[in-house]
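Below is one structure, written out as structure tokens; the observations come after it.
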Amino acid sequence: MVTELLSSEQTLNLNTIEDEMLQLALLEAETVGQLAALIVDHTHSEIMQAFERLSYPQQHQLQELWELNIP
């Protein structure tokens, strides 16, 4: 695996970039279908880590989108 060849600092930077990309994808979601697609593509842990690093208003925006479209 690629991360096995990287130093811990490089791995941390790679994880940070991946997390930031996931955060951006979460914020760009406009429908519950887009959120569901992200959930399918990423583990629950990855989603929650990215979500928890968002600001409260950003978290609230995603929660409203989810609740609005899920009966």
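Closest approach of Q23 to R53, counting heavy atoms only: NE2-CB, 2.9 Å.
With hydrophobic clusters built from ILVMFWY side chains whose heavy atoms lie under 4.5 angstrom apart, L35 does not share a cluster with L24. A continuous path of hydrophobic side-chain contacts links W66 to L62 [ILVMFWY only; heavy atoms under 4.5 Å]. Hydrophobic clustering (side-chain heavy atoms under 4.5 Å, transitive across Ile, Leu, Val, Met, Phe, Trp, Tyr) groups M48 together with L38.
For M21, the side chain to side chain contact (heavy atoms under 4.5 Å, CB included) test picks out I17, with sequence neighbours left out.
Separating the CG atom in L54 from the NE2 atom in H60 is a distance of 13.5 Å, to the nearest 0.5 Å.
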Using distance only, find each side-chain donor-acceptor pair of residues 26-33 under 3.5 Å and give its atom names and separation, not counting sequence neighbours.
| residue | atom | partner | partner atom | Å |
| --- | --- | --- | --- | --- |
| T31 | OG1 | G33 | N | 3.4 |
| T31 | OG1 | Q34 | N | 3.1 |

